[in-house]
Trainee: 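Take this structure, written in structure tokens, and hold onto it; I'll ask about it next.
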Amino acid sequence: MKTLPMTSLLSGLALFAAPAAFASSTTSIPAFEASISTAQGPNSPGGTRILRSELKPALEAFIYDTGGATGVDSAERAYLTTRLNDTPFQQSLTGTAAKYYADFHELNDATFTSYPLYQGSVAGTAASLFGATGPLASNADIREGYIPNGQGIANQSTLATAFTTSFEPPVGAFQAITVKELIERLGTPIKGSTPTVDEVEGAVAYITQISRNSNRLYVADWTCRRCGFSPWNTRGYVIAAVSTDRRFVRMVSVWTADYGND
């Protein structure tokens, strides 16, 4: 079991422990509406239809509306709910964009207190679970666990708190991804080496054992200054696969690089 430095834990929890007042619907809502207007403008690749690639950065206004990640507050949530039930707006989204909007709305529920997600290490190495060796398996750390029945569901705050508690580094905001995006992320270089096809395919199969019926896959990036597991500053990403009832979560954290330790 890794020892968790208090500074790392506190910095990781700060994202969602901060008061909701730090978020500002007075800036995020106009920013979102401006992005949507641009996405429906004459220069948009989708014409009047809003593409997923246009919607995703537009929705990020609700996460990063104060210059940093603060989460969706109650006023922003109310606006997002109204837009979710706005038939003309939803009809202006492509199918994949509509799915992303629904995923974003579900994940970011304006709950700043996390639910108890208890994760432990899995049996077996990443190489044995992926069925292949290489840089991905060598740098992957896997945890999984349940939220006790009746004590909540996996949302943005819960995933972030559980990751920092279980893995150590502070983490950024989680975002919904597709299986295609999962494959692309798992295939990115790790410490200068490219994961093998067998590793990636094995990791995808292992991760989607949990999300296959729910279509709930999320990714977040993390960085850590001299965490207990390394004398270096490190960075990477984490994949979270969530079950249909939103209580079971499997996380795969991948350490991708070291960087300056001054």
Side-chain angles (χ1 to χ4, degrees), residues 45-46 49-60 63 84 90 93-108 117 119 122 124-146 153-156 158-160 162-163 167 171-190 193-222 236-256:
R49 300 297 302 279
I50 301 170
L51 306 177
R52 185 177 185 273
S53 59
E54 297 172 312
L55 180 68
K56 184 175 179 180
L59 285 170
E60 287 179 356
I63 299 293
L84 182 68
Q90 289 295 318
L93 305 177
T94 62
T96 54
K99 173 66 166 58
Y100 188 82
Y101 191 98
D103 289 342
F104 184 93
H105 182 267
E106 178 185 86
L107 182 64
N108 297 286
L117 172 56
Q119 296 191 110
V122 298
T125 64
S128 66
L129 296 169
F130 297 168
T133 59
L136 177 60
S138 297
N139 291 281
D141 190 2
I142 306 169
R143 310 288 173 88
E144 64 184 22
Y146 276 100
I153 43 80
N155 59 8
Q156 182 73 258
T158 300
L159 293 178
F163 175 81
F167 290 90
V171 68
F174 281 84
Q175 296 180 329
I177 57 172
T178 63
V179 174
K180 179 181 177 182
E181 289 170 327
L182 171 65
I183 295 169
E184 291 172 349
R185 178 57 73 99
L186 293 172
T188 57
I190 297 172
S193 299
T194 301
T196 67
V197 173
D198 287 343
E199 281 184 291
V200 172
E201 291 181 346
V204 169
Y206 180 71
I207 291 167
T208 57
Q209 283 176 350
I210 306 305
S211 61
R212 182 173 294 116
N213 294 325
S214 73
N215 291 315
R216 291 185 175 95
L217 281 171
Y218 308 105
V219 67
D221 294 305
W222 58 262
Y237 64 86
V238 56
I239 304 294
V242 178
S243 64
T244 301
D245 62 4
R246 298 177 69 189
R247 289 179 49 231
F248 187 85
V249 180
R250 175 175 289 170
M251 288 189 180
V252 178
S253 178
V254 181
W255 178 359
T256 61

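If you read the sequence from its start, that first residue is 1, and numbering goes on from there.
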Trainee: Can T178 and K99 be said to form a side-chain contact (heavy atoms from CB on, under 4.5 Å), step by step?
Mentor: CA-CA 10 Å; T178 63; K99 173 66 166 58; over 6 Å; no

Trainee: Could you check whether any side-chain N or O of S211 sits under 3.5 Å from a backbone N or O of A241, counting only pairs where one atom can act as donor and the other as acceptor?
Mentor: no

Trainee: Taking all atoms of both residues into account, what is the closest heavy-atom pair of E199 and L136, and its distance?
Mentor: OE2-N, 2.9 Å

Trainee: If I take atom OG1 from residue T244 and atom CG from residue N213, how far apart are they, to the nearest 0.5 angstrom?
Mentor: 5.0 Å

Trainee: Measure the CD1-CD1 distance between I239 and I177 for me, rounded to the nearest 0.5 Å.
Mentor: 4.0 Å

Trainee: Has Q156 got a side-chain atom pairing as donor or acceptor with F174's backbone, closer than 3.5 angstrom?
Mentor: yes

Trainee: Is there a donor-acceptor pair under 3.5 Å between the side chain of R49 and the backbone N or O of L93?
Mentor: yes

Trainee: Taking all heavy atoms of A240 and all of L159, pick out the closest pair and write down the distance.
Mentor: CB-CD2, 4.4 Å

Trainee: Got more than 12 heavy atoms from elsewhere within 6.0 Å of OH, Y146?
Mentor: no

Trainee: Output the distance between atom CD1 (I190) and atom CH2 (W255), rounded to the nearest 0.5 Å.
Mentor: 12.0 Å

Trainee: Quick check for you: to the nearest 0.5 Å, what is the distance between K56 atom NZ and T96 atom OG1?
Mentor: 11.5 Å

Trainee: Distance from T158 atom OG1 to F163 atom CZ, nearest 0.5 Å?
Mentor: 15.0 Å

Trainee: Taking it one step at a time, do N139 and T256 satisfy side-chain contact (heavy atoms from CB on, under 4.5 Å)?
Mentor: CA-CA 7 Å; N139 291 281; T256 61; over 6 Å; no

Trainee: Could you please spell out the steps behind the side-chain contact (heavy atoms from CB on, under 4.5 Å) verdict for Y218 and V249?
Mentor: CA-CA 11 Å; Y218 308 105; V249 180; over 6 Å; no

Trainee: Starting at CD1 of I142, measure out to CD of Q119 and round the result to the nearest 0.5 Å.
Mentor: 11.5 Å

Trainee: Checking E106 side chain against D103 main chain: does a donor-acceptor pair fall under 3.5 Å?
Mentor: no

Trainee: Determine whether T188 and V254 satisfy the following criterion, side-chain contact (heavy atoms from CB on, under 4.5 Å), listing intermediate values before the conclusion.
Mentor: CA-CA 11 Å; T188 57; V254 181; over 6 Å; no

Trainee: Could you tell me if the side chain of E181 sits less than 4.5 Å from the side chain of V219, heavy atoms only?
Mentor: no

Trainee: Applying the side-chain contact (heavy atoms from CB on, under 4.5 Å) test to M251, which of I207, V238, V122, D141 qualifies?
Mentor: V238

Trainee: Quick one: are E54 and P45 in side-chain contact, heavy atoms under 4.5 Å?
Mentor: yes

Trainee: Please report the shortest heavy-atom distance between A97 and L55, naming the atom on each side.
Mentor: O-CD2, 3.0 Å

Trainee: Keeping R250 on the side-chain end and Y206 on the backbone end, is there a donor-acceptor pair under 3.5 Å?
Mentor: yes

Trainee: Could you label the plane-to-plane angle of the F104 and Y100 rings as parallel, tilted or perpendicular, counting under 30° as parallel and over 60° as perpendicular?
Mentor: tilted

Trainee: Could you report the tightest heavy-atom contact between V242 and A154, atom names first, then the distance?
Mentor: CG1-CB, 4.0 Å

Trainee: Under a plain distance cut-off of 3.5 Å, with no hydrogens placed, do D198 and T196 share a side-chain donor-acceptor pair?
Mentor: no

Trainee: Where do A173 and A220 come nearest, in terms of heavy atoms and distance?
Mentor: O-CB, 3.6 Å

Trainee: Quick one: closest heavy-atom pair of S214 and I210, and the distance?
Mentor: OG-O, 4.3 Å

